[in-house]
Each structure stands twice: as C-alpha cells, then as structure tokens.
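Given the structure is predicted, the values throughout are model-derived calculations rather than measurements. Just so it is clear, the values below take in all heavy atoms, side chains as well, and ignore hydrogens, waters and symmetry mates.
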Amino acid sequence: MAIIFDDAGANLEQLEPILTLGRPVTIAILPGLPASRAVSERAAAAGLEVLLHLPLEAAEADRRLGPGGVTTAMTDEEIITVVRAGLADVPGAVGINGHMGSKATADRRVMAAVLAVVGERGLFFVDSRTTTRTVALPVARDLGVPAGERTVFLDNEDDPAYIGGQIQQLLQAARTRGWAIGIGHAQRMTAEVLRQFLPEFDRAGIVLVPVSAELAKRVRDGD
C-alpha cells in the first residue's frame, strides 16, 4: 500500500509528523511555495519519495489554481514550460500527481502535453481522480508513461474519526486487490491518525511502500 501526502511546500513544520511515522510514504510538493525546495530536499534526505504536486485546472471556476498551474487555455508549449518549471522547483521529484484537476485531466490534449514531460524525464504520473471523466491513464498508456491512480482520499474532512474510517477503507481495498494508493494532505491530521493504525497494518501484513514500488508491482502483476 502506498500513501501520498499532498499539498506540501508551505513550511517545513508540516513535514515533521510525516517523517516521524518512520515509514516510506510519499510527499507531493506544490511548486512556487515558500518552502517547496526546502521540503523537497528535507524529504529526500530522510529517504522519502518526492512528487511534484502539479496544479491542474478544476471545473469549478472559484477554485484558485495557485502558482505553477496548468490551464486548458494554455498552448502545448506553455504547458510543457510550466511543467518543467514545476519540476525545477521540486528537486528530486521522481513523479508527478495532480492538484485539483477536474477540468484539465478530462482534456486529452492537456494531459498529452503534461505527460510528454513526464515521459521525457523518465518519471511516472499518479492520477488523483478528482473527476470520473479523467483521461489521464488512457493517455499515459498511449504514450508509454508509467501511471497509476488514487484508490481512496483519506481526509476530505479533517476529522480523526472520518480519517480513521477512510484508512479502514484503504486497508480493505489493499486486502481485496493486493494493492491500494491512498491520498491525504500534509497540513491535516492524517499523519497522526495513520500512526495509530501502523500496528494494525503490521498485523494484517500490509506493507507501506513508496508509490513507485506500488506502480512497479502493478506492472509486474499485469494490473
């Protein structure tokens, strides 16, 4: 099972509860934030896998994209430039996942441009699946880019009871499928709640792995 902590990069303090888990979780870092580079370097030094958490346009007009974002109005060349700049802002990133993205991930042209950079850098892509209309995985397959998708969002509500229930769903998915990818957020209570579940993971034989290892397992198993 892989767990990604999204929205990192605002400050180093958000990283500490995640580091103290002592497990190989994955950190997804937004570009253009005050501590984006510092968080990337600190996470990598601690042995954690780092992703660029690329802002992608949402269908909801009131959702603020933030710095380093991709919109459907951009040309292919503009998208490629923005994605490359985001990777430069998050040194050591081994892959990309999307921040928001319900409009952009449903657009084949936009995703082809994003994934072209993923492919040229030898990285992978994780689709957060913020819309059922997403075409990210089919486009990735067409381009030969390694890709996977989120199984469960862990903390749409920043409430320990809710997060615990979502972690239980993730555990069940891992038992049923043999793998699962959960997404939480660095600034919420998710790391603290997850710590309480680690003994249950161990008893169930559930192993936390970097998301790249999860994708590699799926490729080997033909999923």
Side-chain angles (χ1 to χ4, degrees), residues 1-30 35 38-53 90 92-99 124-130 146-221 223:
M1 182 164 66
I3 294 180
I4 302 170
F5 285 90
D6 279 355
D7 290 2
N11 56 65
L12 277 168
E13 288 73 21
Q14 291 176 345
L15 195 57
E16 291 310 310
I18 300 170
L19 294 178
T20 58
L21 288 169
R23 303 291 173 106
V25 295
T26 299
I27 310 296
I29 301 170
L30 289 161
V39 170
S40 178
E41 292 171 348
R42 176 75 177 92
L48 299 186
E49 198 161 72
V50 171
L51 306 182
L52 167 63
H53 193 39
V90 182
V94 297
I96 293 176
N97 76 331
H99 174 58
F124 60 85
F125 185 81
V126 178
D127 184 8
S128 298
R129 286 196 60 83
T130 54
E149 62 185 7
R150 179 267 310 167
T151 311
V152 177
F153 276 126
L154 300 178
D155 54 13
N156 286 337
E157 298 177 22
D158 194 17
D159 172 76
Y162 175 86
I163 294 169
Q166 295 300 101
I167 290 174
Q168 290 283 10
Q169 284 193 31
L170 190 66
L171 275 167
Q172 186 56 46
R175 291 188 182 105
T176 301
R177 303 180 183 184
W179 61 269
I181 297 174
I183 292 181
H185 294 82
Q187 73 274 31
R188 299 185 184 172
M189 300 179 67
T190 311
E192 297 296 337
V193 178
L194 178 61
R195 179 178 293 104
Q196 301 169 24
F197 278 85
L198 294 180
E200 183 175 344
F201 286 12
D202 295 340
R203 289 192 296 270
I206 300 293
V207 179
L208 282 174
V209 297
V211 70
S212 62
E214 183 60 61
L215 297 184
K217 178 184 184 301
R218 292 178 62 183
V219 169
R220 290 195 304 269
D221 295 347
D223 291 338

To check you understand the geometry: which heavy-atom pair defines the closest contact between [X] and [Y], and what is its length?
| X | Y | answer |
| --- | --- | --- |
| Leu215 | Gly148 | CD2-CA, 3.5 Å |
| Ile27 | Ala43 | CG1-CB, 4.0 Å |
| His53 | Gly98 | CE1-O, 3.1 Å |
| Leu171 | Glu200 | CD1-OE2, 3.7 Å |
| Phe197 | Gly164 | CZ-O, 3.6 Å |
| Ile29 | Val90 | O-CG2, 3.7 Å |

Is there a side-chain contact between [X] and [Y] (heavy atoms, below 4.5 Å)?
| X | Y | answer |
| --- | --- | --- |
| Phe153 | Thr130 | yes |
| Tyr162 | Asn156 | yes |
| Ile96 | Leu51 | no |
| Ile18 | Val25 | yes |
| Phe201 | Met1 | yes |
| Val94 | Phe124 | yes |

Check whether any side-chain N or O of [X] sits under 3.5 Å from a backbone N or O of [Y] as a donor-acceptor pair, and report yes or no.
| X | Y | answer |
| --- | --- | --- |
| Arg150 | Ile183 | no |
| Glu49 | Val211 | yes |
| Thr151 | Ile181 | yes |

### Query
So how far is it from Asp7 CG to Leu30 CG, rounded to the nearest 0.5 Å?
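So the gap between those two atoms works out to 5.0 Å.
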### Query
Taking it one step at a time, do Asp6 and Asn97 satisfy side-chain hydrogen bond (donor to acceptor under 3.5 Å, both in side chains)?
CA-CA 9 Å; Asp6 279 355; Asn97 76 331; 2.9 Å; yes
### Message
Gln169 vs Gln172, test: side-chain hydrogen bond (donor to acceptor under 3.5 Å, both in side chains). Steps then yes/no.
### Response
CA-CA 5 Å; Gln169 284 193 31; Gln172 186 56 46; over 6 Å; no
### Query
Quick one: side-chain contact (heavy atoms from CB on, under 4.5 Å) partners of Glu41, sequence neighbours excluded?
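Applying side-chain contact (heavy atoms from CB on, under 4.5 Å) to Glu41 gives Arg37, Pro91.
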All N/O donor-acceptor pairs, side-chain side in residues 188-196, below 3.5 Å, sequence neighbours left out:
{"from": "Arg188", "atom 1": "NH1", "to": "Asp155", "atom 2": "O", "distance (Å)": "2.5"}
{"from": "Thr190", "atom 1": "OG1", "to": "Asp155", "atom 2": "OD2", "distance (Å)": "2.4"}
{"from": "Glu192", "atom 1": "OE1", "to": "Arg195", "atom 2": "NH1", "distance (Å)": "2.8"}
{"from": "Arg195", "atom 1": "NH2", "to": "Pro17", "atom 2": "O", "distance (Å)": "3.2"}
{"from": "Arg195", "atom 1": "NH2", "to": "Thr20", "atom 2": "OG1", "distance (Å)": "2.5"}

### Query
Can you list every pair that meets salt bridge (Lys or Arg N to Asp or Glu O under 4.0 Å) and has a residue in residues 17-29, with sequence neighbours left out?
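Sorted result for residues 17-29: Arg23-Asp202.
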